[in-house]
Number of protein chains: 2
Amino acid sequence: MDSKVNAGAQPAAESFPSAGHASGHQRIGDIAREFGVTLRTLRFYEDKGLLTPKREGTTRLYSHRDRARLKLILLGRRVGFSLRDVKQMIDLYDPAGSNARQLRVALDKSEKQLARLHKQRAALDEAIGELSGLILRMRGDLADGRTPRLVG
Amino acid sequence: MDSKVNAGAQPAAESFPSAGHASGHQRIGDIAREFGVTLRTLRFYEDKGLLTPKREGTTRLYSHRDRARLKLILLGRRVGFSLRDVKQMIDLYDPAGSNARQLRVALDKSEKQLARLHKQRAALDEAIGELSGLILRMRGDLADGRTPRLVG
DNA sequence: CTCTATATTTACGTGAACGTAAAAGTTATC
DNA sequence: GATAACTTTTACGTTCACGTAAATATAGAG
């Protein structure tokens, strides 16, 4: 544990811990507040290769593009994609191509995910139906003074 | 791949490993097949205090009541209850009472679970709506030759 | 100088419901 | 007695997305 004194004393320009960093870069706390996630989550996403913020010494600095990525990640999570899926899609980005392939893969994955969601809804509806029936029966039993043990 | 020699009328001499045990008790393999669960699952439920089969030596023997319990457990799982919830309800059984309390607790838990299911469905519907919109946009983009990167 | 707020890394913990060997015992048929 | 078919216990592994310390560092405010 030792001399790891960060190279760096950077141009002592900005100073507030929470301030935007002039270049539009923000620190982890700012991003966390802005998107409603924890610091742990941001570091976790980075560890999984979903985000790659720059460093100023050891401090992470998030660019506009990092934010765009995070937005996409959270969108993916909302529609039920795993982080693995999200990463696979993001990783297809080619700054020198048309990214038609990325789009087709994303579309394909999305269609499959949509199918899964529909299946889930069907299962959920079945559960709701069965549970509703059970509730009606239990209410009736209680109202009638019947108390058939759930299990004997 | 049917059963083995397990056909026809009950052979006079009981002996097969999978045979009912005269007293109506069955071994773990029989129960597993009957309910479509694995041996691991049955032992797991037992470990969690949800099932308490008797023993003949070290071999588990499941009674009619164990089967009734298992049926209830699987019903609970279908409607989304955790094993912990199922156990709480089962544990309320009082062989000397009316079990009105057990029924009321089960009803209460069921109503709360139903509310959770409705919430889940709402979230699911939102996800489906959002993902459907995304898919439409992506299809349009591809059809028009546009390929806006997911993230730049 | 100390306090406060922020940041860093490392790394074990959580929850749910089992899966998956591994090593070994019993019965009963071939 | 070998093989098959079944059983037992112990116990680590899996999946997913983080939570939760713990120990440490930096910097401006009071």
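Residue numbers begin at 1 in each chain, while the letters A, B, ... track the order of the sequences.
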Discussion item. Of the listed nucleotides (C/dA7, D/dT8, D/dT20), which one gets closest to any side-chain atom of B/Arg55?
Written reply: D/dT8

Practice prompt. Output the single nucleotide from D/dC6, C/dG19, C/dT6 whose closest atom is nearest the side chain of A/Arg27.
Written response: C/dT6

[N], OP1 or OP2 - any side-chain N/O from [X] closer than 4.0 Å?
X	N	value
A/Tyr45	D/dC18	yes
B/Thr38	C/dG19	yes
B/Arg77	C/dC18	yes
B/Arg60	D/dT9	yes

Fill in: CD1-CZ distance between A/Ile73 and A/Arg78, expressed to the nearest 0.5 angstrom
12.0 Å

Practice prompt. Measure the spacing between CG of B/Leu103 and OG1 of A/Thr147 and express it to the nearest 0.5 Å.
Written response: 7.0 Å

What is the distance, to the nearest angstrom, from the [atom1] atom on [X] to the [atom2] atom on [N]?
X	N	atom1	atom2	value
A/Arg43	C/dC12	CZ	C1'	17 Å
B/Leu61	D/dT8	CG	C1'	13 Å
B/Leu50	C/dA16	CG	P	13 Å

Worksheet entry | Minimum-distance pair of heavy atoms, taken over all atoms of B/Leu51 and B/Asp66 | CD2-O, 3.7 Å

Discussion item. Taking Watson-Crick (N1-N3 plus N6-O4 or O6-N4) and G-U wobble (N1-O2, O6-N3), each under 3.5 Å, can you produce the dot-bracket string of DNA chain D? Use [ ] for crossing pairs and | for inter-strand ones.
Written reply: ||||||||||||||||||||||||||||||

